[in-house]
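Letters A, B, ... mirror the listed sequences (proteins, then strands); counts begin at 1. Just so it is clear, the values below take in all heavy atoms, side chains as well, and ignore hydrogens, waters and symmetry mates. No experiment lies behind these values; they were computed from the predicted model shown.
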Number of protein chains: 2
Amino acid sequence: MANNVNAAQRLDATFAALADPTRRAILARLSLGEASVSELARPFAISQPAISKHLKVLEEAGLISRGREAQKRPCRLVGKPLADISEWLEAYRRHWEGNFQRLDALLDELKAQEPQAGAERPEGGSL
Amino acid sequence: MANNVNAAQRLDATFAALADPTRRAILARLSLGEASVSELARPFAISQPAISKHLKVLEEAGLISRGREAQKRPCRLVGKPLADISEWLEAYRRHWEGNFQRLDALLDELKAQEPQAGAERPEGGSL
DNA sequence: CAGTATAATAACCATATGGTTATATAACCG
DNA sequence: CGGTTATATAACCATATGGTTATTATACTG
């Protein structure tokens, strides 16, 4: 599996694409079904070329695909990169689900007690 | 709930923070437990200030918190922003889980047949 | 107090990003 | 063919990003 490198680059592109509210809004719109560029542009106060650039970013991240229908170039959401992110997130789930943070702090505390019992604790005393 | 705006900004910051492989590697390391800045820096071929910048980005996105222990400033993973992303992702789950994409394409096809049966189909013929 | 270790900040640089306006393509319509 | 609609590209601009080296701040240590 030497495409681990590529996997990282795809994550880069996907996260970067998602780091913009306009692009996330476009995806939200596309989650309701395919739409043309001008339909996608309508809700926004920015120029059409700006939308085209956003779509290019989304397309290069693999988050949308484009068809062709007369002059229109209908865009469609592609879920795969989101699935990849979801999978990446799983490794961290325990950090927000359940008491992991508390547990982590507890381990720290124990480690801190090793040298001196009753030592001062600047952080994380709130368990 | 007028903090919808802020929620979007937090998503911006989180996604942007995650769009860098060095920062994701730092998070991966922190998922094993807290670590000092120099410990975090060790695996990378970049300067210490560069690491400090990355940590600042992560901290501003709320992805890490920092304590203090002598000269060291131990960093610890904070899962909350990842939970927020996970929640945001849920809206799109059906797009990669199950046949949604196929279904979408099918609807398109039906729509395309409307004008002319047997018309050429430039995209998405591979179902 | 002087020295050392850990980390942050400043100043700088190159490239990326998000926007603009103007222009070019592409495909339909009469 | 000429016009119109839909979209992309070019050229430009301001700001953000990720890196560097040099310097500063903080806290332990002898």
field: Proximal nucleotide (of D:dG19, C:dA8, D:dT9) relative to the B:S52 side chain
entry: C:dA8

- prompt: Of the nucleotides C:dT9, D:dT21, D:dA27, which one has an atom closest to the side chain of B:Q71?
  reply: D:dA27

field: Nucleotide D:dA16, atom P - distance to CG of B:D12 in whole Å
entry: 14 Å

- request: Please check the phosphate of C:dA7 (OP1 and OP2 only) for any side-chain N or O of B:S38 closer than 4.0 Å.
  value: yes

- line: Between NZ of A:K72 and C1' of D:dT7 the distance, given in whole Å, is 12 Å

field: 4.5 Å side-chain heavy-atom contact, B:R76 and B:I64
entry: no

- prompt: Could you give the NZ-to-P distance, from A:K56 to D:dA6, as a whole number of Å?
  reply: 22 Å

task: Look at the side chain of B:S36 and decide which nucleotide, out of D:dG18, D:dT21, C:dA7, has an atom nearest to it.
output: C:dA7

task: Check the distance between C:dG18's C1' and A:I26's CD1 and give it to me in whole angstrom.
output: 12 Å

field: Minimum-distance nucleotide to A:I46 side chain [options: C:dA22, C:dG19, C:dA8]
entry: C:dG19

Gap between atoms CD and C1', on A:E60 and C:dG18 respectively (whole Å): 15 Å

field: Residue A:R68, side-chain heavy atoms: nucleotide from C:dA26, C:dT9, D:dA6 that is nearest
entry: C:dA26

message: Nearest to the side chain of B:R73, heavy atoms from C-beta on, is which of D:dT7, C:dA7, C:dG18?
response: C:dA7

query: Does A:S47 place a side-chain N or O at less than 4.0 Å from the phosphate oxygens OP1/OP2 of C:dG19?
result: no

Nucleotide of D:dT21, D:dA6, C:dA27 approaching A:A70 most closely (side-chain heavy atoms): C:dA27

query: Can you tell which of D:dA22, C:dG18, D:dA8 lies closest to the side chain of A:R23?
result: C:dG18

task: Answer with base, sugar-phosphate or nothing: what part of the nucleic acid does A:A50 contact at a heavy-atom distance below 4.0 Å?
output: base

query: Of all heavy-atom pairs between A:R93 and B:S86, which one has the smallest distance, and what is that distance?
result: NH2-OG, 3.6 Å

message: Does A:T22 form a side-chain contact (heavy atoms from CB on, under 4.5 Å) with A:I46? I'd like the steps, not just the answer.
response: CA-CA 10 Å; A:T22 300; A:I46 62 181; 4.3 Å; yes

message: Could you tell me how far apart B:I51 (CD1) and C:dT6 (C1') are, to the nearest whole angstrom?
response: 14 Å

- prompt: Roughly how many Å is it from CG in B:L55 to P in C:dA8, rounded to a whole number?
  reply: 7 Å

- prompt: When we call it a touch if two heavy atoms are under 4.0 Å apart, what does B:K53 touch: a base, just sugar-phosphate, or nothing?
  reply: base

